[in-house]
Engineer: 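Here you go, one structure.
The model shown is predicted, which means the values in this text are computed figures rather than measured ones. Just so it is clear: chains get the letters A, B, ... in the order the sequence lines come, proteins before strands, and each one is counted from 1.
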Amino acid sequence: MIIGLSHFLVVSAILFGLGLLTVATRRNAVAILMGVELILNAAALNFVAFSHYVEGAVTGMVFALFIIVLAAAEAAIALAIVLAIFRHFHSIDANDVSTLKD
Amino acid sequence: MTRATSFLALLLVFLGSGTAAADEPAVDVAPASLSFDGPGTRTLELRNPGGAPLVIDRVTLAPDASGFQLTDTGPRTLQSGERVQVAVQFTPDARRQQAFGGLQVHAAGQVRGVPLRAGSSWLLTLLIFFPLVGAALILFVPTGRHALTRAIALATSLVPLAASVLMCLRFDRAFSQATGNGGLQFIQHVVWIPSFNVEYFVGVDGLSVTMVLLTALISTIAVLASFGIDKQVRGYFALLLLLETGMLGTFCALDFFLFYIFWELMLLPMYFLIGIWGGTRKEYAAIKFFLYTLVGSVLILLAVIALYYSSSPTTLVDGTPARHTFDMVKLAYANDWEGKGLSLLGFDFTKVVWVAFFIGFAIKIPMFPFHTWLPDAHVEAPTAISVILAGVLLKMGTYGILRVNFAMLPLATQWAATTMAVFGAINILYGAFCAFGQRDLKKLVAYSSVSHMGYCLVGMAAFTRSGFNGAMLQMFNHGTITAMLFLLVGVLYDRAHTREIDRFGGMATQMPRYAALFGFAFMASLGLPGLSGFIGEVLVFLGAFPVYRVITLVAMSGVIVTAAYHLWALQRVQLGRWNESWRDRTIFNDLTARETLTLAPLAAVVLVLGFWPLPMLQLVDNGLMDLLRHVTGLHGAGTLAGLP
Amino acid sequence: MLDNAHSLRAFLPELIVAGTVLAVLFVDLLARRPHVGRAAALTAVGLVAAGAATVMTMRADGYGLFFGLIARDPLADFFKLLFLATNLLVVLISLRAREATDESAAEFFALTLTTTAGMMLMASATDLLTAFLSLETVSIMSYVLAGFRRRSRESAEAALKYVIYGGVASGVMLYGMSLLYGLAGSTSFTAVRLACAHTPAAATVLLAVVLCLAGFGYKIASVPFHMWCPDVYQGAPTPVTAFLSVGPKAAGFALLVRFFGGSLPAELVGAPAPWPILLGLIAAATMTVGNLAALAQTNLKRLLAYSSIAHAGYVLLALCAGGSDGTRAILLYLVTYLFMNLGAFLVIIAVADAGIGEEIAEWRGLGRRAPWAAVAMAIFLFSLTGLPPLAGFFGKFYVFAALLARGGSLMVTLAVIGILNSAVSLYFYARVLKAMYFEAPTVDEPLPLARLHAATLALLAVPTVALFLVWSPLQRFVDSSLGQWYPAEMRPRSAQLDRSVKRSSVQLANTSATK
């Protein structure tokens, strides 16, 4: 079978959905961050696919590289914050972190 | 350091204004405006500041610049740096001493406006803003010097009073729209925010002259009545003076933006005055007052903006062309709203805007069913604030309806006239019956205010000369009478610390002078012939009866209920046997000199206007007749029902 | 459009800011004893220099930089000056705060400076890539700033909630951007605009825009992406909250203006695009949710958080109206919002510095204990409500004027919802005033404020009160910033207008003659 644009789009849509699901359902903070990574990678996949099939040039792939860089930076910061959370709350369960409430 | 930074910040704000991006003017004009002190000629110099030759297409006067003549209007070309002179001549009319107009310089595809003014009057600006000077002075008084604060406040409030009396004396009673300037006197008109076509436009005519006098009088009396306040005195008087500025500005403003700013400016001080110095439920009353009036005000704001964006192109006072205008006079007389055939939200534009304005003003009157803020606000407010609230603030609702709804949207007013009359009658009866059932004396007086404002509505809705005059007079007279009533209630409360009618009885035996004035005020309030309350009511009935038979009959029956509750309250408090629950009779000392001083002027006014209302009628008649002709659309003799 | 080498000169302001970041960090590193004053002074100098550079390299026309990734036009310059001013004021505000201790001041100022650089890029973005990168820069710096108080649980929690929310939102936005890229074949805004106008896949365009709105909406804290806002504003250190409530929000709006004004077409394949309705719904929901939720709050920072959500709603109304009126309203509103919001948070900081907490109950009797702070707070709160003649009223006025100028049932309905919300907001602002003025204090001794705080309060309160006196120059400045986008409307009074005046007076004379 010929792998076309639509296949890439479907895969990235599934990844996006799985990422959203992970963020929504998981309680572990690191797992939530993994979900965020999934979403970012879904978008990156989209960019690469469009770059090849629609544009023919490399703009999308460059964008994907930037996404990787940014995802790494964000993950670093996020994990540092998770570390800080652990030091205060002794847990990385997102539901335990709820001192600020309406 | 704080003060230094404040001044620095103020300086920066003003400096920033100077250095901010300004358009490069195509032509230099010197001087920037022309003022005439009498008939004569003055010259204007135009100069080409740029490097290239400048073509001046023409120099003309704006369409509404009457009284001014221009000599040289032809096209010419100016070389770089070249100057040319333009002569402007002003010839005043016999009666019309003021003229405002614009000179337009058409050059390089732009129109540059140059304001021309003759006889611009500073009286109103002085009157409006002088209390702010007092408020600022008071803030510098050291804490604890109560006497000094009170003295400054009193002196400051006497200045607008003197100015308004002067204004009434100098007011040309025969001045009407036919005379010119839209029937306005003591005008001051300059451009303020050119990019949004906002001007500083103040003036008075028959509608507002009595209101300005009333405001100044009531404010001075309120300052006198506030001498009993002993906590946070400086803040109190500063807020009171700020309130006075807001009230005076509202009555004098003729630019909608300016009007709205002054209108809202009144809310702030009232909130604090009720909320800090008020009675037991002061916070509730204060926020209720604020919320109610704010909802009305924002409706008014939307209606103002809607009118603005639908207004026809015109010029600002300096001649610059403007796509829209906030000028209330132009909005009323230079815009044919019905002819524009606009619609808003699917309904007729004029009707929607009329209703929005009406609700906003009706909340202030207060008209049933928007009246529920009034009893709470009155009862909890300190005496002087109740005096101002009932004496002046309530009149702003009816003034607004006259100045805005009637003048700007006459056909929609005709459409809504019957409804207004019905609501007026409801006010009269509902207020009267509610007053009848009150145990608290102040609440009784508050509901009587609701009732009395209903007469104004009925008179206004009648579209007759007597009706209008009656409504206007009722506004003034009710202001003075109800001020007296609240002062009297305050006197009693200061001594007894209760307002319950059942707790009193036979006060006349202990406080005879007080009882005399109490009786006088209550008689005036129920409309005893010979006192001013009667004049307004009878004119309203005379004016409304030919138009609304049933409604007027219903309203007149309200007079009976009014008399009932007034007499009942008078009897329960002053007459009969002394209420034995008061162990110590000596707390009920008779009126002090200060209290008499607050009541006497009002009593004098009420008495004099009761049997000689002619001066007041003369002040308002021409302005009201102009409005009447405009609202009914009859520009000939008009419908003249009733007394001349 | 300039290439990389020639763009550097026009990029000078951002370079100066970046240089200041390095300078602040370096100087702190090399110094024997780190010192707050030195870091602050260096930051301030850098900001002023960047501002001067912006003003000096300003031009009336706009042009692209770096092959079209960024635009340098008067609109971007306006926002740059706004952000630099915000940062400068935040430096002043935070001088006595715990964040700006000798050890951590340099990092704190470096973070805020980097955020400012990111915001400046957000205001200049004309490409999806720049938009994404600048948004992420601002976001990531904000996460760190929110969690800056390492020993505070609330701060850490705020940072966690912020990073999770922000991460998801930017991921979703990125997905939307990828779809737009797929439609356009290029990431520049102009290409996206052309593609959206001509593509038959209108549903995809809508989906992509909605997904992008997730990211932008999160930055401006609009419903339904506002959930992070109360927690983050409450938990973060108050100077950071002040900064976040003004800077990134304004930057988000700048990006929205560019996105909707410069990128999204008013028509999709011949049919009118649903952007006004979409934005209108979001705006109405944002205002209402913000105001209603604020009614129940007892913590001042949380209350101001919900209030800033509501204010984002008012600005969104102006975005809905669109056109020159709407964009002018956005810019003017953001200027007034800068003063009043920073001011309100500064009062909280000043009072907290003197020992009072963030609960409204602790502010009882502040009118007696700290009169000038209470007066300043009253000024800022009334300005936030929108009472004339304070600056906040003018901002709201322009918003409603823009809505009514646009006309039509949707706009009028939104205006009515807007003013009613405005009136409702009085209730919770007045609750603070009630506590300060109407209630007796638990401890009746005077509360002296630090002189620096008092002075900065004056610096913010005076313009809030006095701006209406010099409103015209401000508006002229804003108009000149928009001159390139809306050239026809921003031209000064023309002879054409005069002719229409004459025409209308003739018409009126005719109608009154025929009466």
Side-chain angles (χ1 to χ4, degrees), chain A residues 5 9 12-13 15-16 19-20 23-24 29 32-33 35-51 53-57 59-60 62-64 66-67 69-71 73-89 92 94 97-102, chain C residues 127-129 132-133 135-137 139-141 143-144 146-147 150-188 191 211 230-235 293 296-299 301-302 306:
Chain A
L5 175 64
L9 292 183
S12 73
L15 276 178
F16 182 72
L20 273 183
V23 170
I32 297 177
L33 291 172
V36 174
E37 292 291 317
L38 271 178
I39 297 176
L40 288 170
N41 282 318
L45 187 60
N46 252 352
F47 269 107
V48 174
F50 282 129
S51 163
Y53 287 101
V54 174
E55 191 197 2
T59 316
V62 169
F63 210 121
F66 273 108
I67 295 176
V69 170
L70 215 90
E74 198 165 336
I77 303 274
L79 287 170
I81 293 176
V82 171
L83 198 63
I85 288 284
F86 182 73
R87 268 197 297 152
H88 282 292
F89 293 87
I92 53 172
V97 180
S98 54
T99 52
L100 301 167
K101 251 197 291 263
D102 254 347
Chain C
D127 189 285
L128 289 174
L129 180 62
F132 171 65
L133 283 178
L135 194 76
E136 284 303 300
T137 311
S139 296
I140 292 181
M141 296 301 125
Y143 306 152
V144 182
R150 276 173 305 168
R151 282 184 198 79
S152 154
R153 293 184 113 200
E154 284 87 23
S155 195
E157 179 182 343
L160 181 72
K161 291 197 172 151
Y162 205 1
V163 74
I164 290 177
Y165 230 90
V168 175
S170 41
V172 172
M173 173 186 75
L174 197 60
Y175 195 78
M177 280 183 175
S178 70
L179 291 177
L180 283 176
Y181 167 67
L183 283 170
S186 153
T187 51
S188 85
L211 290 174
D231 291 331
V232 171
Y233 280 27
Q234 186 187 356
Q297 297 306 321
T298 54
N299 180 301
K301 282 167 78 172
R302 231 179 153 80
Y306 278 113

Engineer: Hey, does L38(A) have a side-chain heavy atom less than 4.5 Å from the side chain of L20(A)?
Structural biologist: no
Engineer: Taking atom types as modelled and ignoring hydrogens, do the side chains of T99(A) and E154(C) form a donor-acceptor contact shorter than 3.5 angstrom?
Structural biologist: no
Engineer: Among L33(A), N46(A), V69(A), which residue forms the greatest number of heavy-atom pairs with chain C at distances under 4.5 Å?
Structural biologist: N46(A)
Engineer: Is Y53(A) close to chain C through its backbone or its side chain, or both, or neither, when contacts mean heavy atoms under 4.5 Å?
Structural biologist: neither
Engineer: Taking L174(C), L183(C), L133(C), T298(C) one by one, which has the highest count of heavy-atom pairs under 4.5 Å against chain A?
Structural biologist: L174(C)
Engineer: Give a yes or no on whether a salt bridge exists between K161(C) and E157(C), defined as a side-chain N under 4.0 angstrom from a carboxylate O.
Structural biologist: yes
Engineer: Most heavy-atom pairs under 4.5 angstrom with chain C, which of A44(A), A75(A), S98(A)?
Structural biologist: S98(A)
Engineer: Less than 4.5 Å to any heavy atom of chain C: does that hold for the side chain of F47(A), its backbone, both, or neither?
Structural biologist: both
Engineer: Pick from S186(C), G147(C), A159(C), G166(C): which one has the most heavy-atom pairs with chain A under 4.5 Å?
Structural biologist: A159(C)
Engineer: Regarding R302(C) and the six-membered ring of Y233(C), is the cationic atom NZ or CZ under 6.0 Å from the ring centre and inside 45° of its axis?
Structural biologist: no
Engineer: Quick check on L5(A) against chain C: is it the side chain, the backbone, both or neither that has a heavy atom closer than 4.5 Å?
Structural biologist: neither
Engineer: Where does A71(A) contact chain C at under 4.5 Å (heavy atoms): side chain, backbone, both or neither?
Structural biologist: neither
Engineer: Pairing donors with acceptors under 3.5 angstrom, does anything connect the side chains of D127(C) and S188(C)?
Structural biologist: no
Engineer: Hey, mind stepping through V48(A) and F63(A) against side chain to side chain contact (heavy atoms under 4.5 Å, CB included) and telling me if it holds?
Structural biologist: CA-CA 8 Å; V48(A) 174; F63(A) 210 121; over 6 Å; no
Engineer: Looking only at heavy atoms and a cut-off of under 4.5 Å, which of I140(C), L129(C), V163(C) has the most pairs with chain A?
Structural biologist: L129(C)
Engineer: Looking only at atom types and distance, does a side-chain atom of Y181(C) sit under 3.5 Å from a main-chain N or O of G60(A), one as donor and one as acceptor?
Structural biologist: yes
Engineer: Does any N or O in the side chain of S51(A) come within less than 3.5 Å of the main-chain N or O of A57(A), such that one atom is a donor and the other an acceptor?
Structural biologist: yes
Engineer: Enter the distance from M141(C):CE to E136(C):CD here, rounded to the nearest 0.5 Å.
Structural biologist: 10.5 Å
Engineer: Give the member of S178(C), A184(C), G167(C) that has the highest number of heavy-atom pairs under 4.5 Å with chain A.
Structural biologist: S178(C)
Engineer: What part of V97(A) gets closer than 4.5 Å to chain C, counting heavy atoms only: side chain, backbone, both or neither?
Structural biologist: both
Engineer: If I measure from the heavy atoms of chain A, does S152(C) come under 4.5 Å with its side chain, its backbone, both, or neither?
Structural biologist: backbone
Engineer: So for L179(C), is it side chain, backbone, both, or neither that comes closer than 4.5 Å to the heavy atoms of chain A?
Structural biologist: both
